[in-house]
Amino acid sequence: MQLGNFIGGKFCPPHSGAYIDDLNPATEEVIVRIPDSDGQDVDDAVAAAKAAFPAWSRTPAAERSRLLLKLADLIEQNLEELAQLESRDNGKTISLARRLDIPRAVANFRFFGTAILHHGSEAHPMDGVALNYTLRQPLGVAGLISPWNLPLYLLSWKIAPAVASGNTCVAKPSELTPLTANRLAELSLEAGIPAGVINIVHGYGAKAGRALTVHDDVPVISFTGGTVTGAAVATNASPRFKKISLELGGKNPNVIFADADLDDAVATTIRSSFWNQGEICLCGSRIFVERARYDEFLERFIAATKKLKIGDPLDETSDVGALISADHLRKVTGYIELAKREGGSVVCGGNRVDRRGYFVEPAIITGLGVNCRVLQEEIFGPVVTVTPFDGEEEAIAFANSTRYGLAATVWTRDLQRAHRVAAAIDSGTVWINCWLLRDLRVPFGGMRESGVGREGGFESLEFFTETKNICVKL
Ligand code: NAD
């Protein structure tokens with residue numbers, strides 16, 4: 001079976017006639033073939049989006065809202081099918097796809113589909129001399145590039161605000177997980193979203209993705225992916241003065257003080273370490289525990305990790321599914337080997353599972369210093385390090401010891417310390433005694449090499465619009 005690009009409301013084959021195999025990472029079997037799109041396909045999609053822009057940008061906000069809410073309803077009605085597609089395409093467990101990925105896509109369309117109704121402009125009267133007001137206008141064709149780890153969730157995180165605020169878009173989902181993007185295209189037609197408002201081009205990043213970032217008719221790029229790719233996107237898009245948002249990688253610290261509620265800290269750290277096989281940008285991968293409770297935490301954490309069931313992602317009872325690809329499996333197991341060479345001990349898991357598919361046991365590593373590569377580089381798999389610390393100052397220094405700054409978690413029952421430490425950690429998000437709770441109204445993004453710009457809430461609507469100051473003499 002072959003998928004097409006979704007351009008101007010129709011599914012089209014790529015100009016080149018070339019296709020890419022899309023594999024199920026749990027079985028290594030080809031599920032479908034997707035277009036290996038090139039610049040010509042991107043040109044077609046951008047032309048379709050550009051043609052749809054005048055009418056869509058003039059469509060009243062209430063009507064745009066109605067269509068996006070209809071799309072949200074359709075995603076919800078097809079939740080089970082979408083969860084199955086996501087699980088087969090990505091290797092994630094069906095239970096997580098059902099609980100997290102697809103409901104969040106619904107929430108994204110509902111949130112931005114209603115936010116647009118409440119988003120206004122400001123007026124600044126100049127003491128009876130003049131009146132300034134800020135007009136917000138959509139930018140045109142938005143280029144949206146997303147990764148494979150939360151395919152529909154992150155795609156909808158971009159499409160929903162872009163389209164809600166009156167832009168049309170060309171989305172380039174990851175070549176590793178095209179299935180739910182394709183289904184979203186079908187559902188957008190069913191919802192009645194006009195042809196050309198949402199376009200989806202499949203293919204490799206270096207070809208189709210790059211073509212989007214350099215396209216003269218695409219004034220805005222929203223990218224989520226790795227830091228190295230983000231640098232390439234910035235290099236290509238910046239000389240063309242595009243508006244860019246970059247949501248990049250992380251190496252998130254999880255700081256556990258001795259006074260923490262350890263029952264909660266262990267249970268939550270299991271999720272923040274191994275949900276989605278550790279393939280969530282917000283997963284904590286460096287766990288720091290105050291020395292007085294280090295042994296106790298480690299013992300309980302290892303025991304809880306050993307109870308996780310690794311297996312068929314479509315099995316309701318599986319806790320850990322397959323990694324996304326053979327390449328990624330090599331990368332993850334390579335870091336486990338590197339940990340040993342760097343002098344660490346793998347105290348739990350870390351072996352490839354003896355079955356077809358890209359399965360690896362969740363791994364816990366101890367005995368490494370904060371400057372080792374394993375604690376510095378993003379692994380993006382089910383691999384965490386556990387390190388003791390002494391006192392608040394050292395905890396903050398350890399947490400801040402990488403180039404990244406995406407998310408952090410702090411566990412303590414001391415209210416003042418919780419706020420002090422949260423403020424001192426260089427991170428776009430800090431969770432205190434919890435993980436992954438998200439209010440869609442808050443700004444989201446990374447510091448340092450974890451990204452530039454903020455998305456979420458009205459900030460996303462502002463990102464996808466241009467402000468114009470209009471000054472009227474009174
Ligand atoms: P990736 O950077 O390899 O790919 C992301 C997307 O960019 C894909 O669609 C890919 O095809 C495309 N791409 C690749 N090269 C390109 C180029 N030269 N020009 C334009 N597009 C190009 O990332 P990935 O492996 O798909 O995802 C994992 C990474 O994403 C991890 O680093 C993870 O931390 C990060 N991530 C970050 C967030 C966040 O919100 N900060 C969320 C999820 C994932």
Side-chain angles (χ1 to χ4, degrees), residues 20 22 25 34-39 42 89-92 100-101 104 108 143-158 170-178 181 200-215 218 221-238 240 242 244-252 275-285 323-325 327-329 331-332 377-381 402-407 427-429 436 438 443-456 460:
I20 304 167
D22 174 37
I34 62 161
D36 178 2
S37 307
D38 58 22
V42 170
D89 214 9
N90 171 276
K92 69 176 64 220
L100 179 73
D101 293 56
R104 265 300 300 275
N108 286 340
L144 312 174
I145 302 174
S146 54
W148 48 261
N149 64 323
L150 299 163
L152 189 63
Y153 169 156
L154 291 173
L155 190 67
S156 58
W157 179 243
K158 299 185 182 305
V170 176
K172 209 301 282 170
S174 170
E175 62 277 19
L176 298 170
T177 50
I200 294 177
V201 175
H202 296 284
Y204 292 117
K207 210 194 279 183
R210 185 183 183 284
L212 199 51
T213 60
V214 300
H215 204 293
V218 178
I221 297 285
S222 171
F223 170 85
T224 299
T227 295
V228 172
T229 319
V233 168
T235 302
N236 292 327
S238 298
R240 293 166 174 88
K242 294 175 193 278
I244 317 177
S245 161
L246 301 170
E247 303 283 355
L248 309 177
K251 189 72 185 173
N252 308 316
W275 254 16
N276 212 43
Q277 302 70 246
E279 295 167 332
I280 301 179
C281 56
L282 304 168
C283 275
S285 53
L323 295 181
I324 184 69
S325 65
D327 277 351
H328 196 52
L329 176 76
K331 175 181 166 185
V332 170
E377 298 171 16
E378 186 185 42
I379 300 173
F380 212 54
T402 72
R403 297 175 294 132
Y404 294 106
L406 187 57
S427 176
T429 298
L436 210 59
R438 280 293 307 283
F444 173 83
M447 295 171 70
R448 301 182 174 177
E449 294 190 17
S450 288
V452 179
R454 290 290 177 271
E455 296 188 6
S460 283

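Remember, it's 1-based here, ligands and their atoms both numbered in the order they're listed. Owing to the predicted nature of the structure, the values given are computational and were not obtained by experimental measurement.
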Asker: Is the shortest heavy-atom distance from the side chain of Val218 to the side chain of Val42 under 4.5 Å?
Answerer: no

Asker: Could you say whether the N/O atoms of Leu406 and ligand 1 ever approach to under 3.5 Å?
Answerer: no

Asker: Which donor-acceptor pairs under 3.5 Å do side chains of residues 201-213 form with protein atoms, sequence neighbours excluded?
Answerer:
unit_1: Lys207; atom_1: NZ; unit_2: Asp36; atom_2: OD1; d: 3.0
unit_1: Lys207; atom_1: NZ; unit_2: Asp36; atom_2: OD2; d: 3.3
unit_1: Thr213; atom_1: OG1; unit_2: Arg210; atom_2: O; d: 2.7

Asker: Using heavy-atom distances only, which candidate in Leu282, Thr229, Ile379 approaches atom 3 (O) of ligand 1 most closely?
Answerer: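 It is Thr229 whose heavy atom sits nearest to atom 3 (O) of ligand 1.
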
Asker: Would you say Thr227 has any N or O atom under 3.5 Å from an N or O of ligand 1, going by distance alone?
Answerer: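 Between Thr227 and ligand 1 (N or O atoms, distance only) the closest approach is not under 3.5 Å.
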
Asker: Can you confirm whether Ile221 sits close enough to Val233 that some side-chain heavy atom of one is under 4.5 Å from a side-chain heavy atom of the other?
Answerer: yes

Asker: For atom 38 (C) of ligand 1, what's the nearest protein heavy-atom neighbour? Residue, atom name and distance, please.
Answerer: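 Its nearest protein heavy-atom neighbour is Cys281 SG, 3.1 Å.
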
Asker: Which atoms of ligand 1 sit under 4.0 Å from any heavy atom of Trp148?
Answerer: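 Within the 4.0 Å cut-off of Trp148, ligand 1 contributes 24 (P), 25 (O), 26 (O), 27 (O).
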
Asker: Nearest protein heavy-atom contact for atom 20 (C) of ligand 1: which residue, which atom, what distance?
Answerer: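 Ranking protein heavy atoms by distance from atom 20 (C) of ligand 1, first comes Gly209 C, 3.3 Å.
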
Asker: Is there a donor-acceptor pair under 3.5 Å between the side chain of Thr177 and the backbone N or O of Asn90?
Answerer: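 Between the backbone of Asn90 and the side chain of Thr177 there is no qualifying donor-acceptor contact (under 3.5 Å).
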
Asker: Should Gly226 be counted as touching ligand 1, given the test is an N or O pair under 3.5 Å?
Answerer: yes

Asker: Quick one: does any side-chain atom of Ser450 pair with a main-chain N or O of Leu406 as donor and acceptor, under 3.5 Å?
Answerer: yes

Asker: Quick one: are Asn252 and Ser427 in side-chain contact, heavy atoms under 4.5 Å?
Answerer: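 No. Closest side-chain heavy atoms not under 4.5 Å.
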
Asker: Check whether any side-chain heavy atom of Glu455 lies under 4.5 Å from a side-chain heavy atom of Ser222, and answer yes or no.
Answerer: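 Answer yes - side chains close enough.
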
Asker: Please state which part of Leu176 comes within less than 4.0 Å of ligand 1, counting heavy atoms only: side chain, backbone, both or neither.
Answerer: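 Neither; no heavy atom under 4.0 Å.
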
Asker: Can you tell me how far OG of Ser285 sits from CZ of Phe380, rounded to the nearest 0.5 angstrom?
Answerer: 10.5 Å

Asker: Do Glu449 and Leu248 have side chains that approach each other closer than 4.5 Å (heavy atoms only, starting at C-beta)?
Answerer: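 Of all side-chain heavy-atom pairs linking Leu248 with Glu449, none is under 4.5 Å.
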
Asker: Check whether any N or O atom of Lys172, backbone or side chain, sits under 3.5 Å from an N or O atom of ligand 1, and answer yes or no.
Answerer: yes

Asker: Nearest 0.5 Å please: distance from the CD1 atom of Ile324 over to the CG atom of Asn149.
Answerer: 8.5 Å

Asker: Do Glu175 and ligand 1 have an N or O pair less than 3.5 Å apart?
Answerer: yes

Asker: Looking only at heavy atoms, which two atoms of Glu377 and Lys251 are closest? And how far apart?
Answerer: O-NZ, 2.7 Å

Asker: For atom 8 (C) of ligand 1, grab the closest protein heavy atom and report residue, atom and distance to one decimal in Å.
Answerer: Ser146 O, 3.4 Å

Asker: Is it the side chain (CB and beyond), the backbone, both or neither of Asn149 that lies under 4.0 Å from ligand 1, heavy atoms counted?
Answerer: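 For Asn149, only side-chain atoms sit under 4.0 Å from ligand 1.
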
Asker: Please tell me if atom 27 (O) of ligand 1 is touched by the protein, where touching means a protein heavy-atom distance below 4.0 Å.
Answerer: yes

Asker: Mind checking whether Glu378 contacts ligand 1 via backbone (N, CA, C, O), side chain (CB onward), both or neither, at a 4.0 Å heavy-atom cut-off?
Answerer: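 The answer is the side chain of Glu378.
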
Asker: Atom 5 (C) of ligand 1: which protein heavy atom is closest, and how many Å away?
Answerer: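 Looking at atom 5 (C) of ligand 1, the protein heavy atom closest to it is Thr224 O, 3.7 Å.
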
Asker: Below a 4.0 angstrom heavy-atom separation, can you tell me which part of Leu154, side chain or backbone, both or neither, approaches ligand 1?
Answerer: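 Side chain only; the backbone of Leu154 stays clear of ligand 1.
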
Asker: Please list the nearest protein heavy atom to atom 22 (C) of ligand 1 with its residue and the distance rounded to 0.1 Å.
Answerer: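 For atom 22 (C) of ligand 1, the nearest protein heavy atom comes out as Gly205 CA, 3.4 Å.
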
Asker: Walk me through it: do Thr227 and Tyr404 pass the test side chain to side chain contact (heavy atoms under 4.5 Å, CB included)?
Answerer: CA-CA 9 Å; Thr227 295; Tyr404 294 106; 3.4 Å; yes

Asker: Return a yes/no value for Ser450: is any of its N or O atoms, backbone included, closer than 3.5 angstrom to an N or O of ligand 1?
Answerer: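 No, there is no polar N/O contact under 3.5 Å.
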
Asker: Would you mind checking which non-hydrogen protein atom is closest to atom 35 (C) of ligand 1, with the distance to 0.1 Å?
Answerer: Gly225 O, 3.2 Å

Asker: Should Leu248 be counted as touching ligand 1, given the test is an N or O pair under 3.5 Å?
Answerer: yes

Asker: Once you restrict to heavy atoms under 4.0 Å, what part of Ala208 touches ligand 1? Side chain, backbone, both or neither.
Answerer: neither

Asker: Take Phe223 and Ile244, measure what side chain to side chain contact (heavy atoms under 4.5 Å, CB included) needs, and give me the verdict at the end.
Answerer: CA-CA 8 Å; Phe223 170 85; Ile244 317 177; 5.7 Å; no

